[in-house]
Trainee: 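Shown below is the structure under consideration.
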Amino acid sequence: MSADAHSLLIEQLKPLMMEPNFDDVFEQMTEGESSSSRFLLKMEISRLANPCLRIIDLRDKSELPCTEVIYGEQHHYLDEPAKQVFQNALALYRNQYTMGVYEEVMQAHQLRRQQKEPSKVESVSTLVPGIILGNYIRRTEERMNYSIKILVSQPGQREIVGNTLDLSVSGARIRLPLKHGFDLQQPLTVKLQELGDEFYFADLQQGVDYQVVDADDEGENCLMRLKRVSGSEQLSQMLSDLIQGYKFRYKVDINDVMVNASGLGFERFYLPHYPHLPLFISDNQQQPEISTILLSSDNQELLHYFLDENDVNQLPTILHSQRLQALIDHPTDASHSLLYCFTYNAKGRLFFYAATLAELQASGLISLFFHYGAAKASWKVCRLSLDMLDHQQPHKSSALPGDDVNYSPLTEQQLVQYRCLVQLIDLTDQVAAMQYQQWQSALHINDLKCFGMAKTPRNTVKLAALNFSERRREARFAFKTLVTIRQDGAQLTAMTHDISSRGLQLHLEHPHKLDTSKELLLSFPKLQELSTKIKLQELPYRVVHSRKNGTTLHLAAVVGHTPHTGVEFLNRLIIRNREKLQQLTDNNQQAKELADGLKNQLIRHLHAVPFMLEKTAKSFRMACIGIGMQRDLISDLFTREQGNRLLFDLDPILNDGRLKLDFVEPVRQMKPQDNVDSFELYAVVSTSGHPQILSCKRAVDMANAEALSDFIQQADYIGRFMALKVYRGATGKPDFSYLQRELDYIKVHAKHRAQKLEQQLWRIIGVGELLDITAEVRMRLPPQN
């Protein structure tokens with residue numbers, strides 16, 4: 001069904017959706033439509049009929065006077081045209097205030113504004129896709145583009161013949177006739193018929209249950225993505241063995257590589273502006289301590305705060321073992337994760353005072369610490385976000401088939417020693433500092449001496465810097481073996497000097513001019529004698545660089561639709577003989593590998609939602625947000641439909657010109673080398689049904705501390721209060737050298753997709769993140785008596 005037909009049918013069904021016989025009417029009006037189309041229609045109608053908690057307030061949006069309209073327990077402020085639409089919409093929905101009523105009023109208001117001021121109203125879409133971050137570290141299982149005949153059924157339904165498009169251990173993509181008649185909300189029983197003829201498993205004979213994840217119409221067919229929900233361990237092992245055994249015969253699926261490349265492209269813009277301090281914790285005599293800090297361009301100012309007059313880092317004494325252990329023992333208790341600090345300068349010496357909220361509450365000195373400390377220019381409020389590290393996951397990012405999943409043994413040994421990651425997040429705000437000063441205490445400041453930190457005389461923490469160029473090059477190993485080269489009928493003999501899994505350097509016996517625009521076909525006669533089962537002859541490579549009048553060549557493997565035998569073989573050769581081979585790297589390679597491994601851990605444990613801003617042909621828009629592999633509460637607020645994790649509606653924070661005011665204009669005034677700045681948003685979030693932001697205000701729009709207190713109370717009465725800190729910064733040109741390996745791979749399989757990704761990255765002008773600071777904002781004002 002086309003989008004226009006879909007919308008038209010919904011409009012026809014709206015007046016009938018609250019009728020008792022709606023289901024019968026729906027079946028009649030959608031007769032002839034596919035099950036997937038019916039499913040989508042019912043989802044949309046159900047959404048429109050859901051009760052709405054959003055308040056409509058047009059006082060700052062309309063040029064006409066607005067009056068209060070009380071409906072139920074909600075107080076709306078509407079102008080006369082909106083009031084008329086509101087009454088008509090209520091009648092349509094049987095006098096129930098639903099999402100349909102809300103959208104009718106808002107759409108009518110926007111249409112009236114556009115008709116009145118067409119030159120001033122700009123249509124900006126607030127729907128943005130999600131880019132998955134960290135997926136290239138924890139890779140999804142392999143999928144094989146494998147087409148076999150299947151029989152699909154449901155209880156009480158006849159079997160339908162179809163075929164698979166791809167197959168994995170826990171899922172599949174299948175093609176069925178468009179008029180299959182299945183209920184897509186119920187599991188499908190699938191018989192993998194050809195596998196059932198070849199392998200005997202009860203699961204295969206009786207059928208395996210799959211849940212429908214999504215469905216799309218394509219001409220006369222329906223394409224479904226399925227998730228397996230039944231079947232034995234023996235079946236899983238059989239499918240795994242099948243994929244491993246047959247994957248070399250089938251076309252490579254590059255969708256995962258596209259996801260990885262998109263995430264890496266986002267990462268390259270985001271990480272230089274990462275404002276927080278990632279602290280990697282190791283155990284020292286069974287006590288946790290800070291071992292390594294990962295530095296970006298924008299977090300070094302925060303690190304500098306914790307340096308004393310001799311530039312010695314005092315974080316190990318501020319976050320000592322007892323505080324870290326308390327954080328580990330109470331991972332969900334905000335009182336152990338909020339850290340308050342200030343410094344005192346006496347005769348050129350700098351002294352640090354610090355306490356967690358839990359310590360202040362236990363000591364009874366919270367009022368004194370807040371009142372005195374917040375008055376000092378050195379006042380600092382931080383949040384500690386803890387994540388335990390899972391070393392069963394590969395430390396190295398392996399975005400392409402054939403990539404080595406491990407670093408050098410020394411780097412792997414270092415990485416496995418880290419127990420957890422603590423991210424030190426600066427929440428300090430000048431206005432908030434004045435609010436903290438409203439806490440009053442009759443105690444004397446000398447009582448705060450118990451929070452003075454003993455100073456360490458020397459630096460004990462290792463610093464690792466994020467690298468974005470050479471760090472992604474593969475390690476090279478000294479290795480000599482005979483190679484024959486063939487190009488355009490000419491055959492040459494050479495000797496390798498060093499190898500990596502995807503390339504090699506070799507020396508020709510005599511200078512020879514090769515055509516660098518064409519492939520070379522390499523054979524490894526000596527290695528072929530050692531491995532009779534693998535063909536190491538006439539493998540495609542290309543010239544990357546030549547030196548010494550063409551006698552020294554640097555070659556890279558040309559990876560096509562089928563796996564490159566040379567890449568597979570050299571990778572196994574390196575892995576099995578790593579201890580024997582001499583690694584040819586500069587002295588800094590170890591530090592680069594370590595920083596890369598720490599970066600991979602960080603990107604898997606983000607506690608904010610990153611976003612990218614892009615320039616379009618006519619305007620600006622939010623390009624995408626970054627989402628991790630784990631569900632997070634912030635991105636959940638913006639999901640357009642429940643269950644669609646990759647489409648988000650940022651309207652609550654971008655509407656009414658906020659995109660331009662809060663994002664576009666500030667970013668355009670910044671330079672890529674500038675640190676990110678931030679502002680705060682306060683929101684009312686619904687607590688019934690799927691959470692969503694009902695209303696949102698900027699902190700600068702709060703007249704005073706009393707206004708903030710009133711807002712929090714009202715928010716908690718309607719739903720719950722939430723505070724967000726929004727970071728934003730400008731980006732420079734995209735660094736395609738960072739993505740070159742992935743882009744080269746994608747271009748072989750789908751050149752247009754690589755070009756589309758490159759074009760998107762060229763349009764990015766800004767980057768930032770959304771951070772939940774609710775717990776800290778609630779502590780700013782003293783409790784009211």
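Sequence positions, counted from 1, serve as the residue numbers for this chain. The figures that follow rest on heavy atoms only: side chains count, while hydrogens, waters and symmetry mates do not.
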Trainee: Before you tell me yes or no, could you show the steps for V664 and L613 under side chain to side chain contact (heavy atoms under 4.5 Å, CB included), namely the whole-Å CA-CA distance, both residues' side-chain angles and the distance that decides it to 0.1 Å?
Mentor: CA-CA 8 Å; V664 175; L613 188 69; 4.2 Å; yes

Trainee: Are F479 and L573 packed together at the side-chain level, in the sense that at least one heavy-atom pair is separated by less than 4.5 angstrom?
Mentor: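 They are in contact (side-chain heavy atoms under 4.5 Å apart), so the answer is yes.
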
Trainee: Kindly say whether H273 contributes a backbone atom to a donor-acceptor pair with the side chain of S296 at under 3.5 angstrom?
Mentor: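 No, because the side chain of S296 does not come within donor-acceptor range (under 3.5 Å) of the backbone of H273.
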
Trainee: Give the C-alpha distance, both sets of side-chain angles, the deciding distance and a yes or no for side chain to side chain contact (heavy atoms under 4.5 Å, CB included) between L724 and I634.
Mentor: CA-CA 9 Å; L724 295 174; I634 299 178; 4.1 Å; yes

Trainee: Nearest 0.5 angstrom please: M670 CE to R728 CZ, how far?
Mentor: 7.5 Å

Trainee: Is the centre of the Y727 ring less than 6.0 Å from the centre of the H276 ring?
Mentor: yes

Trainee: Can a salt bridge be assigned to the pair K747 and E758 using a cut-off of 4.0 Å between side-chain N and carboxylate O?
Mentor: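 Result for this pair is yes, salt bridge flagged.
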
Trainee: Under the criterion side-chain contact (heavy atoms from CB on, under 4.5 Å), which of L602, L598, D596 is the partner of N600?
Mentor: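 Answer after filtering L602, L598, D596: D596.
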
Trainee: Would you check if H605 and L386 make a side-chain contact, meaning some heavy-atom pair closer than 4.5 Å?
Mentor: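 Answer no - side chains too far apart.
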
Trainee: Check whether any side-chain heavy atom of L522 lies under 4.5 Å from a side-chain heavy atom of L555, and answer yes or no.
Mentor: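 Of all side-chain heavy-atom pairs linking L555 with L522, at least one is under 4.5 Å.
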
Trainee: I need the D662 CG to I653 CD1 distance, nearest 0.5 Å.
Mentor: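 Nearest 0.5 Å value for the CG-CD1 distance: 9.0 Å.
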
Trainee: Which value, rounded to the nearest 0.5 Å, describes the distance between L521 atom CG and R486 atom CZ?
Mentor: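 One gets 5.0 Å once the value is rounded to the nearest 0.5 Å.
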
Trainee: Is the closest basic N to carboxylate O distance between K599 and E267 below 4.0 Å?
Mentor: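 Salt bridge present between K599 and E267.
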
Trainee: Counting only N and O atoms by type, is there a donor-acceptor contact under 3.5 Å from the side chain of S523 to the main-chain atoms of E538?
Mentor: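 At least one qualifying donor-acceptor pair exists.
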
Trainee: Provide the closest heavy-atom pair for D426 versus K725 in the form atom of the first, atom of the second, distance.
Mentor: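 Heavy atoms only, the tightest pair is O-CE, 4.0 Å.
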
Trainee: Checking S408 against T411 for the side-chain hydrogen bond (donor to acceptor under 3.5 Å, both in side chains) test, could you report, in this order, the C-alpha distance in whole Å, the side-chain angles of both residues, the deciding distance, and whether it holds?
Mentor: CA-CA 5 Å; S408 65; T411 302; 3.1 Å; yes

Trainee: Which is it for I281 and L389 under the side chain to side chain contact (heavy atoms under 4.5 Å, CB included) test, yes or no, and what are the steps along the way?
Mentor: CA-CA 10 Å; I281 311 301; L389 300 182; over 6 Å; no

Trainee: Let's go through Y274 and E769 carefully: what are the C-alpha distance in whole Å and the side-chain angles of both, what is the deciding distance for side-chain hydrogen bond (donor to acceptor under 3.5 Å, both in side chains) to 0.1 Å, and is it a yes or a no?
Mentor: CA-CA 9 Å; Y274 188 73; E769 67 176 30; 6.0 Å; no

Trainee: Is a side-chain N or O of Q760 found less than 3.5 angstrom from the main chain of A623, in a donor-acceptor match?
Mentor: no

Trainee: State, yes or no, whether a side-chain contact exists between L277 and L303 at a heavy-atom distance under 4.5 Å.
Mentor: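 Yes - at least one pair of side-chain heavy atoms lies under 4.5 Å apart.
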
Trainee: Using a 4.5 Å cut-off on heavy atoms from C-beta on, say whether the side chain of L757 contacts that of S262.
Mentor: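 The answer is yes, as the side chains (C-beta and beyond) meet within the 4.5 Å cut-off.
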
Trainee: So for atom CD, which belongs to E301, do other residues, nucleotides or ligands contribute more than 12 heavy atoms lying within a distance under 6.0 Å?
Mentor: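 At most 12 heavy atoms, drawn from other residues, nucleotides or ligands, come within 6.0 Å of this atom.
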
Trainee: Considering all heavy atoms of both residues, which atom of Y541 and which atom of L570 are nearest to each other, and what is their separation?
Mentor: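 Looking at all heavy atoms of both residues, the shortest contact is OH-CD1, 4.0 Å.
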
Trainee: Can you see which heavy atom on K660 is nearest to which on P666, and at what distance?
Mentor: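 In this case the closest contact between K660 and P666 is O-CD, 3.9 Å.
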
Trainee: Which pair of heavy atoms, one from S297 and one from N675, lies closest together, and at what distance?
Mentor: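 That closest heavy-atom pairing would be O-OD1, 4.1 Å.
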
Trainee: Measuring from atom CZ of F269 to atom CG of L264, what distance do you get when rounded to the nearest 0.5 angstrom?
Mentor: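 One gets 12.5 Å once the value is rounded to the nearest 0.5 Å.
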
Trainee: Say whether, by atom type as modelled, one donor and one acceptor occur between the side chain of Q601 and the main chain of H395 under 3.5 angstrom.
Mentor: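 No; zero donor-acceptor contacts below 3.5 Å.
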
Trainee: Are D387 and C420 packed together at the side-chain level, in the sense that at least one heavy-atom pair is separated by less than 4.5 angstrom?
Mentor: no

Trainee: Is the closest side-chain heavy-atom distance between Q414 and L594 below 4.5 Å?
Mentor: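 Of all side-chain heavy-atom pairs linking L594 with Q414, at least one is under 4.5 Å.
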
Trainee: Backbone N or O of F736 within a donor-acceptor pair of the R268 side chain at under 3.5 Å?
Mentor: no

Trainee: Would you say K480 has more than 12 foreign heavy atoms packed within less than 6.0 Å of its NZ?
Mentor: yes

Trainee: I need the minimum non-hydrogen distance between L294 and A465, along with the two atoms involved.
Mentor: CD1-C, 4.4 Å

Trainee: Which value, rounded to the nearest 0.5 Å, describes the distance between L650 atom CG and N655 atom CG?
Mentor: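 The CG atom of N655 is 10.5 Å from CG of L650, to the nearest 0.5 Å.
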
Trainee: Evaluate the criterion side chain to side chain contact (heavy atoms under 4.5 Å, CB included) for residue pair V543 and L520; output intermediate values, then yes/no.
Mentor: CA-CA 8 Å; V543 179; L520 308 178; 3.6 Å; yes

Trainee: Sub-3.5 Å donor-acceptor pair from the side chain of T496 to the main-chain atoms of L506, do we have one?
Mentor: no

Trainee: Looking only at the aromatic ring of each residue, does the gap between the centers of F611 and F663 stay below 6.0 angstrom?
Mentor: yes

Trainee: If you take all heavy atoms of F648 and G130, which pair is closest and at what distance?
Mentor: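 Smallest interatomic distance, heavy atoms only, reads CE1-CA, 3.8 Å.
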
Trainee: Enter the distance from E519:CD to L514:CG here, rounded to the nearest 0.5 Å.
Mentor: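 If we round to the nearest 0.5 Å, E519:CD and L514:CG are 13.5 Å apart.
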
Trainee: Has the side chain of R383 got a donor or acceptor atom that lies under 3.5 Å from a matching backbone atom of D772?
Mentor: yes

Trainee: Run the salt bridge (charged side-chain N to carboxylate O under 4.0 Å, His left out) check on D744 and R542 step by step: do they pass?
Mentor: CA-CA 12 Å; D744 286 347; R542 60 184 174 88; 3.3 Å; yes

Trainee: Do the side chains of V483 and T493 get nearer than 4.5 Å, heavy atoms only?
Mentor: no

Trainee: So, T552 versus H507: side-chain donor-acceptor pair below 3.5 Å or not?
Mentor: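 The criterion, which ignores hydrogens and geometry beyond distance, is satisfied for H507 and T552.
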
Trainee: Mark yes or no for whether D498, through its side chain, and F477, through its backbone, hold a donor-acceptor pair below 3.5 Å.
Mentor: no

Trainee: Can any side-chain N or O of N299 pair as donor or acceptor with the backbone N or O of P272 at less than 3.5 Å?
Mentor: no

